Every structure is written in C-alpha cells, then in structure tokens.
Amino acid sequence: MKQDSLGNPWKVFYEEVVRLLADTASVEIATIKRFIEVPPDPKLGDIACTIAFHLAKEQKMKPFPIAEEIVSKLRESIKDNPLIDRVESKGPYINLFFNRTEYVSRTVHEVIQTNDRYGLTDEYKGKRALIEFPAVNPSKPWHIGHTRNAVLGDTLCNVLQATGWEVIKLDYINDLGLQIAQLTWKLMQMGEEEVEDKYDHYLGHLYVDVQTAFEKDEKVKAEIREVARKLEDLDSDESRTSIKMVTACVKAQYQTAYRLGIFHDYQVWESAIAHSGLLDAAKKIMLRAENIIKLEEGEKAGCIVARLDMLDEFKDMQDPYKVLFRSDGTRTYTGADVALQMWKFGILDDPFKYQFFETQPNGKDIFRTSLSGEDRNLGKFDAVFNVIGAPQAHPQRLIYVILGLLGYKEQSENSHHISYEFVGLEDVGFSGRKGTWIGYSSDVVIDRAKELAREEVDKRNPDESETFRDSVAEKIATGAVRYFLLNASPDRKITFRWKEALDFNGDAAPYLQYSHARATRILEKVSKNCQTDVDMTLLTHEAEFALSKAIARFPEEILETVRGLQKSTWGTGFQSNKLTSYCYNLATLFSKFYDTCPVLKADNELKSARIELVRAFKITIANCLKLLGIPVVERM
RNA sequence: GGGCGUGUAGUCUAGUCUGGAUAGGGCGCUUGCCUCCGGAGCAAGAUGUCCCAGGUUCGAAUCCUGGCACGCCCGCCA
C-alpha cells in the first residue's frame, strides 16, 4: 500500500480506480482525476467517470460508444482485482462498484487500528501557521457574531492540525481604542465600585451610557480625548485604570471562550505595539521601498503613503495614496496592520517581551505581549490567517498588497483573510454603541440553550445527579451553538432567530451527539474485549455498506476542506459547513443502520461484525465532533 | 461612480470555484412505526419559473454578457 494512503481507506480505492481507468482508456492520471465523481444515487455505482464526454469531444465521436468500449476493456482488467467488483456503463457514464466486503472490512479495521488518530493525515507536515482571531474589543461581552469569528477560527485550527499543520493561535487586544478611553473616563469618574455582573457585561452596559453622554456633550468629548492622550503614557493613572479594566474584561470574555472550548497561545496588545518600537522599525523598512513615499506637497503633505495607482484593483480609488503614517508621524490603522503583519511573518525582529496572562482550562498558559517579561521565539510561519469579517475585505487586501510592494511577495501571497459575514437580527446589526447586542451576548444565548437542553435531559434522566445533568446540558448547549455557527456557509449572513438557533431537532448538534450516545450504549452492553476473528463479509446490508462508505470518507473530507482554502483576490474561503454536513450525514447513516440492523439481537457471527462497525462509527463521529469542537457525550 | 457578497419550495438552506445522471437537506405540513440495542429517532408523501434576459455547450443552478433586488466596502475616521 502506498504510504500516503495510510489511514485513508477511501483513497486506496480511489487511486486504484484512477489507475485502472487511466490504463484502460490510455489517458493521463491527472486527466482521469478531473472526470471522477460520485454518482447521485448509490444504486448507480460507488464511483463514476465521465471521461467519455471528454474523449468524445477530442475524437469527434459520440460519448456513449466510447464509454461502452472502455467498460468492456475494464471488465477484463478487473477480473482478478480484489478491490473492484464490477463496472457498468449507463449511457456515457462509466460506473464502478467497489468490492463491498473488502471495502467494509478495510475501513473498519483501519478505523479501529488508528482509533483517536483516525482522520489525521500528515499531508502538510512541517508547515506552520499563525492564526489571529477573534480580536474582540475589550469593552463588552462577546455577542453571537464575535462567536462566529471565534468558532470559525478555532475550527480552522483543528482542521489544519488534522492535516499536519502546526498552529499558533493569536488574539489581538486593542487596549488603546476610543472605546477604551471612553470607558476609562467613566470609570475614573465613578471611582471604585463593587461589580456584581460578569465584568464584560458590566462594561458593555456602561459603554452604552457613556456613548449617550459622549454624543451629546462637547465637554465630555474633550475630556475623553484628553484621556485617550494620557493612555499613551503607561505611567499615568488613566493607563493604570485602563490596563486593569481591559485585563478584567478580557478574562471575563475568555470565560465565554472557555465554555466553547476556545483557547489561545498568545495575545498581542495594542499598547505593547505602540511602545515596543515595532512601528518605527517597520517605518524604516517601508521607506526603503520604491512605492512607499513621504509626500511633500498636496493635501497629504507630510504623510507617509503607499502608492497604489499602478495596481489594477485599486485604480478606481478616489485617491491613489494610502496613508500609513499621518503628517504628525502617528500610524493609521493600515500602517499598524502592515507592521503587525510584518511581525507575524518574522520580517521584523520581535520587539516584544512576553508576560503570563492566565492558565486556561485546557492546562495551557496564555502569554501576552508586553514591554517587560521574557523573550520568546515564535519562529517562522508558512502562512498567516486573519479571521476577520467580510466588510474588512478591502483593508485586508491593502495590507497584503502593501506587503508585496515592500518586496515580501511570498509573505503577501501567504497572507490569508478568512472572511465571514456578520450575524445580525431581523432588521438591525449588532452594535456596541447602540447596545443592540444586549440580549444576544453569547453567554445569554448559551444559557438559553442550556435551559432548553436541561428540560430535555431532566425528562430522560430523572435518576441522575444534578452534576451529571448540568454537565450534559452545558455540553449540548455549547455544541448546539458551535454547530449552528459552523453549519452556515461563512459567506452568508446569519439572521439570528431564537427558534432556529435553539432548534435541537434535525440538522443540529444534539442529533450528532445523540447518535454517538446510542453507539456508546450498544458497546457498553457487550463484553469489553475486542473480537479478533470477526467475519466482516457478513456485513452485506445496504445500510451497513452506506455507513462504511461515509466512515471511509472522513480523512478525505478534512483534506478537501484544507485544499479548499484557496486564496482569491478578496479573501480565502473556509468551508466550515462542508464538515458539519459530512458529520450530519454520517450520523444520519448510523441512525438508518441502527433502525434496520439490530446489533445485540443478531446471530453471534453477525453480531460480532456489527459491533465492530458500531465501534468504527463511534470512533469516527467522536473524532469529527472533536474537530468541530462539539463536546462528545456518552449519555444524554 | 467602482468593487465584493447574496438571490434555490411556506420558511431556512446545500450544491456554484472544478458544467454531467432524477437540484440534496432542516423546519413546518400529511401518514405510518415504541411487548424490539435510547423516538433529540426511522419510513413514506405533498410542496421548485434554481432572481430575470440573452449567449457558450452534446449538456447550465454551476461558465460568459447584460440587467434587477438586498447587504457590505471604497477616509490622515476608528
């Protein structure tokens, strides 16, 4: 067996089919691969080839007889083939049928052997990625839209890791924004106060109040600007108040993250960037580039700008000069973002010291950038992924383009904007300023989901302990929220509706967890020791084969998702919904199997074989749920 | 003005990159299935101008051209 086919049962059969077809039709392997597909109805075959259409065009013949001819030749060459059973033509389609018992037994053995590593491949071994998400302002609780970002970012990490990538998870903390100045002003006015709410919620509400005052009162505006200036001085009272506030807020926000199983390795703080010398170092390098210049005259005199007019996609910009550093020398957001992107790739020497932030529930410490602390070496990265909303497509593109203008072509090419649309309500988006997020914070949403789950758990487990029921309800709630966010195609807006978000029937996480729980239940009732001499050829039922086929596809589904991370001009798409629908389909096929194929009541030999299949299913769906960050539940 | 995204049954949506067989699901609706491994389930059924108009092709939800509708983006702002 070829090495790269290890742990990927589907690929073994696929490669064999491709080889056979290429030989028989005398066509290149790569060409054949373009014309391989899975028939819409499994009755037609397990795998199909449409090469006849292609050859018909080349040879100016009708596709039907070409398919016929290939099929009749194929019949000869598969006579002694252990993997392929038969081949049929249906019109121009060449349909092949796998040897079912071979397919089922290879799949089940492979899964049971690799166990919790099933699905993992080493296709991208040696590659390192830095991923930034979700970069929520430390001034409010996460709302369900922020959580979409976080869940996408976290799942992307899991998926990359499953294919061999090494991943470093980064969060960005903007502790110098206007919102922070406003809140600092308010806190200093109020003095010390006992806070009973979760701190991020407390700040979020406070912020709505401040905003009202800010908009109405010029005097307040002036005072807040003064606070903003003082925040730059790390020894000021304002700065000390702010740092304390931001730290408490991020810790509160992370309580939400931890509930959802989301952890990080590092945080980059804006204040650390501002005082680290990173910006000056970046500026120096930028000015060496031909298209980064300091303007001497015109409206933007004194500014350091990037010239973008020679680039096609920006030719319609109102002004070809993108300001990186203002005439007073301060950096714009774009300027800072370019510098940060340079840092991420290690173009600039790391100017940061690192400080312990806190120990996460997964046991790993998270560190923040600072001006004092220890040195760290994050190392080189092959790719940088920024998980940011679709409205930022243009600014993100600018950053990468400017990186290219600086001469870092490769880094520019390997910069990825993982784009997703926002979550909103029926007629309004979420706004921190207007407070429209109130009632839709992730904490509130998860809690509501938990209440509903709890009702159901109570009904089904009246004799279980409070601890058990609470823990299961929590797992169902967080799983449901993650699935809800991942199952929507990222380039589609989500309109948040309680009825849909909390619908636990059908295409939703509890169904997946439930199928795992049922499989677990069956296995609990059989003797613990693994059977060794099991006759897998007994598994001939349609439902058993369909389930095996789905199980066999798992590693390939992950690989296809990673291959699908293709960069286009305005972002890199991450098809999170491909994996959720795979997982749902897998669970559906188990439910059908469960319904039609009794396991414990089957005759001895058949029973043993079915138990092995259930074992393989349980491993696969558990691994898939872990990949999606959905808690695996034994009983519910 | 230019750019990006979306448009698929009552409703929410997959599929569009890479054209291929009868457009898959979920919710809701109709009807069956618990002396039988857990019914958050299974089986059967009804519901479609795949936004519109052209074009390319043996073949278009998918590609091209031109429209329409909705959302977003195009600051020395943050």
Side-chain angles (χ1 to χ4, degrees), chain A residues 34-35 37 39-41 44 48 50 53 56-57 62-64 90-93 95 137 174 177-179 295 299-305 313-319 321-328 330-335 389-395 397-398 419 421-422 424 429 453 456-457 459-460 476 487-489 491-495 497 499-500 503-515 517-526 564 566 568-571 573 575 577-578 580-581 584-585 587-588 591-592 594-602 607 610 614 635-636:
Chain A
R34 280 170 47 214
F35 296 93
E37 58 187 57
D41 183 342
L44 293 165
T50 54
F53 288 114
K57 194 169 282 180
K62 290 209 185 302
F64 171 74
K90 175 144 183 155
Y93 293 92
N95 295 326
N137 248 306
N174 185 2
L178 179 66
Q179 307 191 1
L295 292 176
E299 263 191 350
K300 291 178 175 173
C303 295
I304 294 174
V305 301
E313 57 263 50
F314 297 109
K315 66 180 188 307
D316 295 313
M317 272 180 66
Q318 289 161 3
D319 184 332
Y321 300 122
K322 183 69 197 172
V323 177
L324 303 175
F325 292 91
R326 303 183 185 104
S327 47
D328 65 3
T330 57
R331 88 288 182 281
T332 62
Y333 262 67
T334 308
Q392 298 263 28
H394 197 267
R397 173 78 181 141
L398 273 176
S419 167
E421 282 288 349
F422 281 174
E456 208 60 29
V457 171
K459 253 189 257 169
R460 290 152 194 261
I476 291 168
N487 196 34
S489 175
D491 54 13
R492 195 182 272 274
K493 269 174 300 193
I494 295 178
T495 301
R497 296 184 186 91
K499 196 171 168 292
E500 285 166 27
D503 187 353
F504 290 170
N505 296 311
D507 190 4
Y511 176 74
L512 311 180
Q513 292 166 318
Y514 181 66
S515 72
R518 284 162 117 189
T520 306
R521 202 71 170 151
I522 293 175
L523 296 176
E524 271 172 11
K525 294 188 177 172
V526 300
Q566 279 183 17
S568 66
T569 311
W570 298 103
Q575 302 276 57
N577 57 316
K578 183 181 168 65
T580 52
S581 54
Y584 176 67
N585 183 247
T588 301
S591 296
K592 290 180 183 177
Y594 182 94
D595 211 58
T596 47
C597 302
V599 178
L600 301 176
K601 293 214 165 63
K607 176 176 164 183
R610 283 185 174 162
V614 172
R635 274 179 299 151
M636 59 192 278

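Atoms considered below: every heavy atom in the structure, side chains included; atoms not considered: hydrogens, waters and symmetry mates. Everything numeric in this text was worked out from a predicted model, so none of it was measured.
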Any N/O donor-acceptor pair, A/S327 side-chain to B/C76 base, under 3.5 Å: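 Yes, a donor-acceptor pair under 3.5 Å.
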N/O donor-acceptor pair, side chain A/N95 with base B/A21, under 3.5 angstrom: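 By the distance-only test, yes, there is a pair.
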Validation row: A/Y333, A/N174 side chains within 4.5 angstrom (heavy atoms):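 A/Y333 reaches A/N174 side chain to side chain.
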Does [N] have a Watson-Crick or wobble partner in any strand here, with both distances under 3.5 angstrom, and which is it?
{"N": "B/G38", "result": "none"}
{"N": "B/U11", "result": "B/G26"}
{"N": "B/C76", "result": "none"}
{"N": "B/A69", "result": "B/U6"}
{"N": "B/C63", "result": "B/G55"}
{"N": "B/A46", "result": "none"}

Counting any heavy atom closer than 4.0 Å, what does [X] reach on the DNA or RNA strands: base, sugar-phosphate only, or nothing?
{"X": "A/A488", "result": "nothing"}
{"X": "A/Y594", "result": "base"}
{"X": "A/E37", "result": "base"}
{"X": "A/N585", "result": "nothing"}
{"X": "A/P39", "result": "base"}
{"X": "A/L324", "result": "nothing"}

d([atom1], [X]; [atom2], [N]) in whole Å:
{"X": "A/E500", "N": "B/G28", "atom1": "CD", "atom2": "P", "answer": "12 Å"}
{"X": "A/K493", "N": "B/G71", "atom1": "NZ", "atom2": "C1'", "answer": "3 Å"}
{"X": "A/Q392", "N": "B/G5", "atom1": "CD", "atom2": "P", "answer": "17 Å"}
{"X": "A/Q575", "N": "B/U18", "atom1": "CD", "atom2": "P", "answer": "13 Å"}
{"X": "A/F35", "N": "B/A21", "atom1": "CZ", "atom2": "C1'", "answer": "16 Å"}
{"X": "A/F422", "N": "B/C72", "atom1": "CZ", "atom2": "P", "answer": "11 Å"}
{"X": "A/D507", "N": "B/A14", "atom1": "CG", "atom2": "P", "answer": "11 Å"}
{"X": "A/N505", "N": "B/U11", "atom1": "CG", "atom2": "C1'", "answer": "16 Å"}

Syn or anti for B/C50 (syn when the glycosidic angle lies within 90° of 0):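 Because its glycosidic torsion lies more than 90° from 0, B/C50 adopts the anti conformation.
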Position toward the 5' end of RNA chain B (nearest nucleotide), A/P510 or A/K57: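 Its nearest nucleotide lies further toward 5', so the answer is A/P510.
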A/G564 or A/L44, whichever maps to the more 5' nucleotide of RNA chain B: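 On the 5' side of the pair lies A/G564.
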Could you give the distance separating [M] and [N] at their [atom1] atoms, to the nearest angstrom?
{"N": "B/U62", "M": "B/U56", "atom1": "P", "value": "15 Å"}
{"N": "B/G25", "M": "B/G15", "atom1": "P", "value": "15 Å"}
{"N": "B/U6", "M": "B/U22", "atom1": "C1'", "value": "28 Å"}
{"N": "B/U11", "M": "B/U31", "atom1": "P", "value": "23 Å"}
{"N": "B/G7", "M": "B/U16", "atom1": "C1'", "value": "13 Å"}
{"N": "B/G75", "M": "B/A14", "atom1": "P", "value": "31 Å"}
{"N": "B/G26", "M": "B/G45", "atom1": "P", "value": "13 Å"}
{"N": "B/G3", "M": "B/U13", "atom1": "C1'", "value": "27 Å"}

OP1 or OP2 of [N] sitting under 4.0 Å from any side-chain N/O of [X]?
{"X": "A/R34", "N": "B/G19", "value": "no"}
{"X": "A/K90", "N": "B/A21", "value": "no"}
{"X": "A/R397", "N": "B/C74", "value": "no"}
{"X": "A/K525", "N": "B/G38", "value": "yes"}
{"X": "A/K62", "N": "B/C58", "value": "no"}
{"X": "A/N137", "N": "B/A78", "value": "no"}
{"X": "A/S489", "N": "B/A14", "value": "yes"}
{"X": "A/Y511", "N": "B/C42", "value": "yes"}
{"X": "A/R518", "N": "B/G39", "value": "yes"}

Side-chain H-bond candidate by donor/acceptor type, A/Y584 with A/N577, under 3.5 Å: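 No, A/N577 and A/Y584 have no side-chain donor paired with an acceptor closer than 3.5 Å.
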Polar side chain donor-acceptor pair, A/S515 to A/Y594, under 3.5 angstrom: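 No, no side-chain donor-acceptor pair sits under 3.5 Å.
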Closest non-hydrogen atom pair between A/Q513 and A/M636, with its separation: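 Heavy atoms only, the tightest pair is C-SD, 3.7 Å.
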Nearest heavy-atom neighbours spanning A/I522 and A/V599: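 Minimum heavy-atom separation between A/I522 and A/V599: CG2-CG1, 3.9 Å.
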Measure from the side-chain heavy atoms of [X] and tell me the nearest of [options].
{"X": "A/P40", "options": "B/A21, B/A78, B/U13", "value": "B/A21"}
{"X": "A/K592", "options": "B/C4, B/A43, B/A78", "value": "B/A43"}
{"X": "A/H394", "options": "B/A21, B/C37, B/C74", "value": "B/C74"}
{"X": "A/R492", "options": "B/C37, B/U13, B/G41", "value": "B/U13"}
{"X": "A/K322", "options": "B/C73, B/C37, B/G75", "value": "B/G75"}

Examine distances only and state if a side-chain atom of [X] and a backbone atom of [Y] form a donor-acceptor pair shorter than 3.5 Å.
{"X": "A/S489", "Y": "A/R492", "value": "no"}
{"X": "A/R610", "Y": "A/P598", "value": "yes"}
{"X": "A/K322", "Y": "A/L398", "value": "no"}

Ring centroids of A/F53 and B/G20 base under 5.5 Å with planes under 30°: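 It does: the ring sits over the base of B/G20.
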Ring-on-base stacking B/G20 with A/Y93 (under 5.5 Å, under 30°):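 Here A/Y93 fails the 5.5 Å or the 30° condition.
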Aromatic ring proximity, centroids under 6.0 angstrom, A/F504 and A/Y514: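 Centroid distance A/Y514-A/F504: not below 6.0 Å, so no.
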Full working for side-chain contact (heavy atoms from CB on, under 4.5 Å) between A/R331 and A/L324: CA-CA 6 Å; A/R331 88 288 182 281; A/L324 303 175; over 6 Å; no
